[in-house]
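Order of listing sets the numbers, starting from 1, for every ligand and every atom in it. Just so you know, these numbers use all the heavy atoms, side chains as well, and skip hydrogens, waters and symmetry mates.
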Amino acid sequence: MASRLLRIGLIPGDGIGREVIPAGRRILEALPSSLGLKFEFTDLDAGFETFQKTGAALPERTVDVLKNGCDGALFGAVSSPTKAVKGYSSPIVALRKKLDLYANVRPVKTVATAASPIDMVIVRENTEDLYVKEERTLEDPAMGGVYAEAIKRISTRASLRIATMAGEIALRRQKLRESGFASIHKSPLVTITHKSNVLSQTDGLFRTCAKEALAASRFVDGGVAVEEQIVDSMVYKLFRQPGSYDVIVAPNLYGDILSDGAAALVGSLGLVPSANVGEGFAIGEPCHGSAPDIEGKGVANPIATLRSTALMLEFLGEEQAAAKIYTAVDANLEEAKLLSPDLGGKATTEEVVSDILKRL
Ligand SMILES: NC(=O)C1=CN([C@@H]2O[C@H](COP(=O)(O)OP(=O)(O)OC[C@H]3O[C@@H](n4cnc5c(N)ncnc54)[C@H](O)[C@@H]3O)[C@@H](O)[C@H]2O)C=CC1
Ligand SMILES: O=C(O)CCCC(=O)C(=O)O
């Protein structure tokens, strides 16, 4: 059988990013050889500690190697300070823009045997909105002195393509539906999230473009229903009736907030993966941050990273390999003997990883 070589960049970043990214590498190395995959890894730097050492949060080498020497990557998390630090800017936000990874795909699900199973995908626009980070600080006595403002940029191009991605994912989820996962929404549905009752131009454009993209005949013929919901009431309904959702498409900031909220529904941020997806390139990245409160204790839940590794493989066209990882992770969760403390267990990161590797 011809084998495929995948060159994977590893960017642990800061905090627990360093404790969970090695798990991603190990699970790739442990995949059965019958899948015909070979991996080559390159360690790459980014993050606040890299900034403190070198003056650059996202070194040029990291971007060059990703662009010219990698097929995909895994990113841990970075410790961006809440107080502005001169010269520092979030490297993951920059990387998404530099590589035009326009979609942040975040599946939020429980195992099928959960008492109240949940299965939805949040498709977050990943390159614009308030994350263009065009902010400025000004002064005006009429404003009480100093004030600050930020640009919220929404473009036709980005809105059309993110909604198209959401439609494609809704179509792809048909297989899950056919395999009888009880909690999945009964038919393909994309919920467009916005706040265009207030932000009629920016979110209004997002809404119009999303509707246009989802009106394409392949989605209509594939039975993809489209609904829209204002983001605040969306949060309410998400918590009351999570089973009402299948695929949610949202501008960058709402998508970020909704997905951390949805993580609470499935038990922990340590379970929820994401993939930053562009044309022919994907970076797997757990949804969580660098978790300074548990850093160095060896108890970070590695599952979000393992699922992000699988998600990266899916977007690189290796669905079978991805399925192996999902199955091994679900088996660990279903048995519930070796769970990390965020899930009420006592297992260390290492114990959870070893258990999942054994199940591959
Ligand atoms: N993509 C990225 O690099 C992101 C980075 N951050 C950065 O992370 C730092 C910390 O941010 P926080 O607001 O505390 O959010 P966080 O996601 O790091 O942590 C929130 C809570 O979830 C827990 N948690 C997160 N991941 C976990 C895991 N794998 N296992 C067990 N528990 C887990 C943490 O212990 C904490 O109690 C900040 O500097 C922030 O800028 C935050 C989000 C995303
Ligand atoms: O802390 C950072 O540098 C980035 C945090 C942004 C974030 O939560 C996300 O976009 O997933």
Side-chain angles (χ1 to χ4, degrees), residues 11-24 45-52 57-58 62 73-85 88-97 101-106 108 122-133 250-264 266-277 283-309 329 333 338-353 356:
I11 316 164
D14 300 307
I16 64 162
R18 301 206 190 112
E19 298 168 39
V20 291
I21 288 301
D45 292 326
F48 192 64
E49 201 175 302
T50 300
F51 170 77
Q52 287 174 312
L58 182 61
T62 298
L74 296 177
F75 185 98
V78 290
S79 292
S80 294
T82 39
K83 187 169 180 292
V85 172
Y88 179 86
S89 183
S90 168
I92 183 63
V93 172
L95 198 52
R96 291 166 182 161
K97 279 185 261 182
L101 303 172
Y102 67 88
N104 195 307
V105 179
R106 300 183 154 192
V108 182
I122 298 174
V123 181
R124 162 186 174 194
E125 201 290 319
N126 214 22
T127 58
E128 55 181 33
D129 193 1
L130 283 161
Y131 285 67
V132 294
K133 286 168 56 64
N252 207 337
L253 180 62
Y254 306 149
D256 192 6
I257 296 169
L258 284 173
S259 45
D260 272 34
V266 295
S268 170
L269 256 177
L271 292 174
V272 182
S274 83
N276 299 278
V277 184
I283 301 185
E285 177 202 349
C287 283
H288 61 73
S290 60
D293 54 340
I294 56 166
E295 175 184 354
K297 297 186 176 153
V299 295
N301 190 338
I303 288 181
T305 296
L306 297 174
R307 285 177 163 168
S308 302
T309 307
V329 166
L333 290 171
L338 279 169
L339 299 178
S340 49
D342 55 317
L343 298 176
K346 289 200 167 96
T348 61
T349 308
E350 177 55 37
E351 285 166 338
V352 178
V353 175
I356 293 170

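- Between Ser80 and ligand 2, a contact under 3.5 Å exists for at least one N or O pair.
- The shortest side-chain heavy-atom distance between Ile11 and Ile21 does not fall under the 4.5 Å cut-off.
- For His288, the heavy-atom gap to ligand 2 stays at 4.0 angstrom or more.
- Using a distance-only test at 3.5 Å, with no hydrogens or angles considered, a donor-acceptor pair links the side chain of Asp129 to the main chain of Leu253.
- The protein non-hydrogen atom at the shortest distance from atom 33 (C) of ligand 1 is Ile294 CD1, 4.0 Å.
- The closest side-chain heavy-atom distance from Pro302 to Thr349 is below 4.5 Å.
- In terms of polar-atom proximity, Val78 is counted as a contact of ligand 1, with an N or O under 3.5 Å from an N or O of the ligand.
- Ligand-side atoms of ligand 2 in range of Arg96: 9 (C), 10 (O), 11 (O), range being under 4.0 angstrom from any heavy atom.
- Only the side chain of Arg124 comes within 4.0 Å of ligand 2, counting heavy atoms alone; its backbone N, CA, C and O stay farther away.
- Closest to atom 34 (C) of ligand 1, if we only count protein heavy atoms, is Asp293 OD1, 3.4 Å.
- In this structure, the side chain of Glu19 engages the main chain of Gly296 through a donor-acceptor pair within 3.5 Å.
- Under a 3.5 Å cut-off, the side chain of Thr127 and the backbone N or O of Lys97 do not form any donor-acceptor pair.
- Below 3.5 Å of separation, one finds an N or O of Asn301 facing an N or O of ligand 1.
- Remark: ligand 2 atoms within the under-4.0 Å shell around heavy atoms of Arg106 are 11 (O).
- The side-chain contact (heavy atoms from CB on, under 4.5 Å) with Arg106 is formed by just one residue from the set Leu258, Val123, Asp260; it is Asp260.
- Residue Ile92 touches ligand 2 through its side chain alone, judged by heavy-atom distances below 4.0 Å.
- Within the set Ser340, Gly13, Ser290, the minimum heavy-atom distance to atom 9 (C) of ligand 1 is found for Ser290.
- Among protein heavy atoms, atom 27 (C) of ligand 1 sits closest to Ile16 CD1, 3.9 Å.
- Ligand 2 has no N or O atom lying under 3.5 Å from any N or O atom of Tyr131, backbone or side chain.
- Two residues are said to be in side-chain contact when any heavy atoms from C-beta on lie closer than 4.5 Å; Val277 and Leu101 fail this criterion.
- Listed by number with element, the atoms of ligand 1 under 4.0 Å from a non-hydrogen atom of Glu285 are 1 (N), 2 (C).
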Item to check | Intermediate values then yes/no, side-chain contact (heavy atoms from CB on, under 4.5 Å), Ile16 and His288 | outcome: CA-CA 10 Å; Ile16 64 162; His288 61 73; 3.4 Å; yes
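- Residue Gly289 places at least one N or O, backbone or side chain, under 3.5 Å from an N or O of ligand 1.
- For Leu269, no nitrogen or oxygen atom sits less than 3.5 Å from a nitrogen or oxygen atom of ligand 1, counting backbone and side chain alike.
- Protein heavy atoms are found less than 4.0 angstrom from atom 4 (C) of ligand 2.
- Contact analysis puts Ser79 in contact with ligand 1, with a non-hydrogen atom separation below 4.0 angstrom.
- Set against the non-hydrogen atoms of Pro292, the atoms of ligand 1 under 4.0 Å away are 10 (C).
- Protein heavy atom in closest approach to atom 25 (C) of ligand 1: His288 CB, 3.5 Å.
- The protein heavy-atom contact nearest to atom 8 (O) of ligand 2 is Asp256 OD2, 3.3 Å.
- Nearest protein neighbour of atom 23 (C) of ligand 1, counting heavy atoms only, is Ala291 CB, 4.6 Å.
- Distances between N or O atoms of Tyr88 and those of ligand 2 include no value under 3.5 Å.
- Listed by atom number, the atoms of ligand 1 under 4.0 Å from Gly270 heavy atoms are 28 (C), 29 (N).
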